Structure formats: C-alpha cells, structure tokens
Amino acid sequence: MSDFDVTVGFDGKGASGKVHIRMQQRNGRKSWTTIQGFPETARLPKSGRVLQVDFEKVLRGLKKSFKTNGTLIRDEEHGTIIQLQGDIRKEVAEFLVQATGIVTRDQLMIHGS
C-alpha cells in the first residue's frame, strides 16, 4: 500500500487515496461493513517518522466501540480489508476520523448511503 502523510495525504498527492466504506448484504437482514484502502503506514506530522498501522488495534477498537464482531482480510490486490458485522458505515467513518486520526473526512468515501 502507499505511505500516508497527515498534511498531504497518500504519497504526497493530496486526497487521491480514498478509504472506501461499503455495506454488503448477506442473507435476509444480515450485512457486512467493509473498509478498504486504509493506509499500511502513517507519517507523523511533527517528527516525520513513518510508523506501521496496527490493524489488529484498529479492529479491536472498532469491535469494542460498536459491540460487533469483525475480521481482517489480507488480499494481494486490495491490501488489508476490515470486515465488520452489521450496517455501521456512518459510525465507522466517524470513528476513523475522530479516534484514529489517520484519515480525514475528505479521504473517506461511503458507498450506498
């Protein structure tokens, strides 16, 4: 995946790298919320150090905040995908912007809402 800098975005191109939040229908009323395009690394704004994103901690925070289950899917083409039970697209978007601070609202793309 690409490096993320808080001041300029992914790879220094502004907000070109998007984080996609989608809802997939399973069976009946059941659904998944998937988060795709989350950066693998993050650059700290003041020191400029590049740190790896701990997807396990992000997933744990999401699961505890929304009282749901989830899993990480590692894919060669799409990178790491976070999959959560239920349709919680808007809540996840707010969590990613406020709690993690790795993505901004401009970089989020919520599909189907």
Side-chain angles (χ1 to χ4, degrees):
M1 290 299 296
S2 54
D3 286 341
F4 176 75
D5 185 357
V6 175
T7 56
V8 293
F10 294 89
D11 291 332
K13 298 176 189 159
S16 64
K18 294 280 188 182
V19 176
H20 299 274
I21 301 174
R22 294 182 175 90
M23 190 268 300
Q24 287 180 315
Q25 194 69 34
R26 286 176 41 209
N27 44 353
R29 293 176 39 191
K30 308 289 183 179
S31 60
W32 292 113
T33 297
T34 58
I35 306 159
Q36 180 182 345
F38 207 71
E40 300 277 338
T41 58
R43 185 181 316 274
L44 297 178
K46 289 186 181 178
S47 65
R49 289 184 10 197
V50 176
L51 299 175
Q52 290 286 81
V53 173
D54 190 357
F55 286 102
E56 296 290 336
K57 282 188 178 181
V58 173
L59 178 63
R60 195 175 317 127
L62 285 164
K63 285 165 63 172
K64 284 189 177 198
S65 295
F66 304 122
K67 295 173 183 62
T68 186
N69 200 7
T71 187
L72 289 176
I73 301 170
R74 305 210 187 267
D75 186 51
E76 291 288 325
E77 184 179 346
H78 302 293
T80 304
I81 299 170
I82 300 173
Q83 192 174 49
L84 299 166
Q85 288 181 347
D87 183 9
I88 49 175
R89 290 173 286 188
K90 292 178 180 158
E91 294 89 345
V92 165
E94 187 137 343
F95 179 88
L96 293 177
V97 171
Q98 308 245 333
T100 64
I102 296 175
V103 267
T104 62
R105 193 161 287 289
D106 297 335
Q107 294 163 331
L108 287 177
M109 183 160 229
I110 302 174
H111 296 274
S113 61

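None of these values were measured; they are calculated from a predicted model.
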Side-chain touch [X]/[Y], heavy atoms, less than 4.5 angstrom:
{"X": "Leu62", "Y": "Lys64", "value": "no"}
{"X": "Phe38", "Y": "Ile102", "value": "yes"}
{"X": "Thr104", "Y": "Val97", "value": "no"}
{"X": "Glu40", "Y": "Val53", "value": "no"}
{"X": "Thr33", "Y": "Ile21", "value": "yes"}

Any chance you could measure [X], atom [atom1], to [Y], atom [atom2], to the nearest 0.5 Å?
{"X": "Gln36", "Y": "Ile82", "atom1": "CD", "atom2": "CD1", "result": "11.0 Å"}
{"X": "Met23", "Y": "Ile88", "atom1": "CE", "atom2": "CD1", "result": "12.0 Å"}
{"X": "Ile110", "Y": "Glu94", "atom1": "CD1", "atom2": "CD", "result": "9.5 Å"}
{"X": "Leu108", "Y": "Ile35", "atom1": "CG", "atom2": "CD1", "result": "9.5 Å"}
{"X": "Arg29", "Y": "Asn27", "atom1": "CZ", "atom2": "CG", "result": "12.0 Å"}
{"X": "Leu59", "Y": "Leu84", "atom1": "CG", "atom2": "CG", "result": "6.5 Å"}

Would the distance check show the side chain of [X] and the main-chain N or O of [Y] forming a donor-acceptor pair, the cut-off being under 3.5 Å?
{"X": "Gln25", "Y": "Lys30", "value": "yes"}
{"X": "Thr68", "Y": "Gln85", "value": "yes"}
{"X": "Lys18", "Y": "Asp106", "value": "yes"}

Item to complete: Locate the shortest heavy-atom distance separating Val19 from Pro39; write the atom from each residue and the value.
Response: CG2-CD, 4.4 Å
Worksheet item: Which atom pair, heavy atoms only, marks the closest approach of Ser65 to Phe95?
Response: OG-CE1, 3.4 Å
Practice prompt. With sequence neighbours excluded, tell me which residues meet side-chain hydrogen bond (donor to acceptor under 3.5 Å, both in side chains) with Arg105.
Written response: none
Practice prompt. Report the hydrophobic cluster partners of Trp32, with the cluster defined as I, L, V, M, F, W, Y residues connected by side-chain heavy atoms closer than 4.5 angstrom, directly or transitively.
Written response: none
Worksheet, complete the sentence: Connected to Ile81, directly or through other members, by ILVMFWY side-chain contacts below 4.5 Å are Ile73
Item to complete: Give me the ring orientation class for His111 and His20: parallel if the planes are under 30° apart, tilted from 30 to 60°, perpendicular past 60°.
Response: parallel
Fill in: Check against side-chain hydrogen bond (donor to acceptor under 3.5 Å, both in side chains), Thr34 and Arg22
CA-CA 5 Å; Thr34 58; Arg22 294 182 175 90; 5.4 Å; no
Worksheet item: Has Arg49 got more than 12 heavy atoms of other residues, nucleotides or ligands less than 6.0 Å from its CZ?
Response: no
Item to complete: State yes or no: do Val58 and Met109 share one hydrophobic cluster built from I, L, V, M, F, W and Y residues joined by side-chain heavy-atom distances below 4.5 Å, directly or via other members?
Response: no
